[in-house]
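Along the sequence shown, residues are numbered consecutively beginning with 1. Just so you know, these numbers use all the heavy atoms, side chains as well, and skip hydrogens, waters and symmetry mates.
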Amino acid sequence: MSPASLPDDALDELLGEWATGARLTPREAEAVRVAVVAERPAGLDAGWWSGLMGQVSAAVIEAVALPPSARAALRQVPALA
């Protein structure tokens, strides 16, 4: 019988038996914890922020440079069906 066809209770029992013999040492457990819960430096990536602000600035400049009639047309949102 393959593990996939075992009832849940039997699979839990097999996993429990395996787990009792497959424990990490404290050093191994700490290495895993550090790899998973690595602290990231606070704040946003400067390149990401610069790229975002460049896009925002370009959108603002483009919107301001549009003639008033074009800006008015952009404000009109068609009704949703």
side-chain hydrogen bond (donor to acceptor under 3.5 Å, both in side chains) partners of T25, counting only residues at least two apart
E28

Other members of the hydrophobic cluster containing V32, with the 4.5 Å side-chain heavy-atom rule, please.
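When side chains under 4.5 Å apart are linked, the cluster holding V32 also contains L24, V36, V37.
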
Please list all pairs passing the salt bridge (charged side-chain N to carboxylate O under 4.0 Å, His left out) test where one or both residues lie in residues 12-27, with sequence neighbours left out.
none

Identify whether L11 and W18 are in the same connected component of the hydrophobic contact network (ILVMFWY, side-chain heavy atoms under 4.5 Å).
no

